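All remarks here apply to the structure that follows.
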Amino acid sequence: MAETTTTTPVAGDDPPRPYDGPSRPYDGPSRPYDGRDDSSRAYGVLGDSLRTYRMVAAMWIRSTMTYRSSFALTLFTSFCVTFFDFVVILLMFGQVKGLGGFSFAEVAFLYGTAGTAFGIADLTMGSLQRMGKRVRDGSLDTFLMRPAPLLAQVAADKFALRRFGRVAQALLVLVWSLLLLDVAWTPVKVVLLPVTVVCGAVIFAAVMVIGASALFWMQDAAEVTNSFTYGGNTLLQYPPSIFAQELVRGVVYVVPLAFVSWLPALYVLGRPAPAGVPDWAAFASPLVALACCGVAGLAWRAGIRSYRSTGS
């Protein structure tokens, strides 16, 4: 006769029970759905945003590359339009030998560093200019319903690859200026140059996010925010010595655009910092970029919390 055995439940263990079909409700630990599945949790907030941005931007790039001839034409047009800004400098130095004590090569260096940093920011975050329109017509609600970070969606939406023409044009001028300059290069200056461009792009991107955040309340103020981005880029293309000291202090201590290119570039060129600015400020671009990102994050969160759908 077969011997039967019995099992005694261990304290703390749930007794086994048969599966009673799909109609049985889920009795596991409940938690609110936060818009991310378990796989995306491993990325964290930043990783999830980068993943979303990459996916949305890739979609628009594939759409753009469907018509390669049209893309090539718009890219060339973008390159030429931005090159006209540098043509103004070329014509100016056709009549004068210096500008505010700076030579042509030095001004070209300022133009290249500021233009490359702004071009990268405009390429990656330029779509934020449409934030005011999205708030007015309610199209922002569509982004809010998707289980993905809002900022990444809005920044990558309608990703315009043609803006790479601005980056290429400014980078070409930067390389040309480096060939013309007679700079006593040191390891510090060699490292400072790419750090300047990267941190400058981050600072410009943060200013764009802050400007987009303001559009939650002022939907028609896109041109005001552009004055700090496009206008700031134009300002930084020229030597600080030709501007009033009050303006220079403003872009150092109020809207820190001077850390995009002016202060690091002056150190690379072997020139002193503007009056009243310490010499160590040339190396403060990473800290300023980090601070600007923090302010941009707070402004963006405040804008989202104030949003009450169409017309708010």
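Excluded from the calculations below are hydrogen atoms, water molecules and symmetry mates; all remaining heavy atoms, backbone and side chain alike, are included. Small disclaimer: the values here were computed from a predicted structure and weren't measured.
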Under a 4.5 Å side-chain heavy-atom rule over Ile, Leu, Val, Met, Phe, Trp and Tyr, are V167 and V198 clustered together?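 They do not share one cluster, since no chain of ILVMFWY contacts under 4.5 Å joins V167 to V198.
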
Given the rule that I, L, V, M, F, W and Y join up when any side-chain heavy atoms are under 4.5 Å apart, are V255 and Y253 in one cluster?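 Yes.
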
So, does [X] use its side chain to make a donor-acceptor pair with the main chain of [Y] at under 3.5 Å?
X	Y	answer
E106	S103	yes
T116	T113	no
S241	G100	yes
R271	V268	no
S139	V135	no
S49	P149	no
Q153	A148	yes
S177	L174	yes
S78	R162	yes

Counting the benzene-type ring for Trp, do [X] and [Y] have ring centres under 6.0 Å apart?
X	Y	result
F216	W300	yes
W176	Y111	no
Y238	F102	no

Identify which one of [options] satisfies the side-chain contact (heavy atoms from CB on, under 4.5 Å) criterion when paired with [X].
X	options	value
F159	I61, V56, T64	I61
V260	V202, V288, L236	L236
L235	V251, L257, V248	V251

Give a yes or no on whether [X] atom [atom1] has more than 12 heavy-atom contacts from other residues, nucleotides or ligands under 6.0 Å away.
X	atom1	value
M55	CE	no
F71	CZ	yes
D279	CG	no

Face-on cation placement of R146 at F143 ring, 6.0 Å and 45° thresholds: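 The answer is yes; both the distance and angle limits are met.
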
Straight-line distance of [X] [atom1] to [Y] [atom2], nearest 0.5 Å:
X	Y	atom1	atom2	result
Y67	L73	OH	CG	15.5 Å
I203	C293	CD1	SG	8.5 Å
D182	L269	CG	CG	11.5 Å
L110	W262	CG	CH2	9.0 Å
T225	L128	OG1	CG	9.5 Å
K158	M59	NZ	CE	9.0 Å

Show, in sequence, the C-alpha distance, side-chain angles and deciding distance for F118 and Y230, and conclude whether the ring-ring contact (aromatic ring centres under 6.0 Å, His included) test is met. CA-CA 8 Å; F118 176 75; Y230 289 90; 4.9 Å; yes

Test: D157 and R134 ion pair at under 4.0 Å: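 Between R134 and D157 there is a salt bridge, with a charged N closer than 4.0 Å to a carboxylate O.
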
